[in-house]
Amino acid sequence: MADEEKEKEEELFADGIVEFTTNSEYITNSYWAISAVQELDPMTAEGRAMKNRILTRCFKIIDMCVDEMYSELFDPEADD
């Protein structure tokens, strides 16, 4: 199965088709991940760690994407 996926990936690159994920898509997916775990009430330490890890990663993704979008729209050095 891994060989099939690798061949498919090579075909996409050979044809010049590369799909990139946009900042908007990253933010949207992070939002849905946060929504998915927001109401979870983990009963174990592993569950709490998992929820915190997901939230931390999603917030970091959102922060990085918003920072990149802000930098594209405004000159960050002008704000200093």
Side-chain angles (χ1 to χ4, degrees):
M1 179 128 146
D3 291 333
E4 292 173 6
E5 290 177 17
K6 187 174 183 178
E7 288 176 16
K8 189 175 183 179
E9 184 178 297
E10 288 173 358
E11 288 175 17
L12 290 175
F13 285 115
D15 294 336
I17 300 171
V18 180
E19 294 185 23
F20 294 100
T21 306
T22 65
N23 282 338
S24 177
E25 291 171 323
Y26 280 124
I27 292 170
T28 299
N29 291 329
S30 294
Y31 168 82
W32 286 113
I34 291 168
S35 296
V37 299
Q38 184 176 12
E39 297 299 320
L40 287 179
D41 187 18
M43 303 294 259
T44 64
E46 293 85 17
R48 287 188 293 277
M50 176 193 64
K51 180 178 177 179
N52 289 335
R53 185 174 55 251
I54 291 169
L55 292 173
T56 300
R57 289 177 177 178
C58 288
F59 292 142
K60 186 170 186 172
I61 289 169
I62 292 169
D63 182 50
M64 291 174 65
C65 290
V66 168
D67 183 54
E68 185 176 320
M69 290 186 304
Y70 182 86
S71 295
E72 288 176 6
L73 291 170
F74 305 101
D75 180 14
E77 293 177 7
D79 291 340
D80 291 339

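Because the structure is predicted, anything quoted here is derived from the model rather than measured.
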Separation between CD1 (I62) and CG (N23), nearest 0.5 Å, reads 11.5 Å
Does CE in M64 sit with more than 12 non-hydrogen atoms of other residues, nucleotides or ligands closer than 6.0 Å? no
I'd like a table of donor-acceptor pairs (distance under 3.5 Å, sequence neighbours excluded) in which one partner is a side-chain atom from residues 40-61, with atom names and distances.
| unit_1 | atom_1 | unit_2 | atom_2 | d |
| --- | --- | --- | --- | --- |
| T44 | OG1 | G47 | N | 3.0 |
| K51 | NZ | Q38 | O | 3.2 |
| K51 | NZ | L40 | O | 2.8 |
| N52 | ND2 | R48 | O | 3.3 |
| T56 | OG1 | N52 | O | 2.8 |

Across all chains, not counting sequence neighbours, the side chain to side chain contact (heavy atoms under 4.5 Å, CB included) partners of D67 are S71
Can you list the other members of the hydrophobic cluster that holds W32, where links are side-chain heavy atoms under 4.5 angstrom apart? Y31
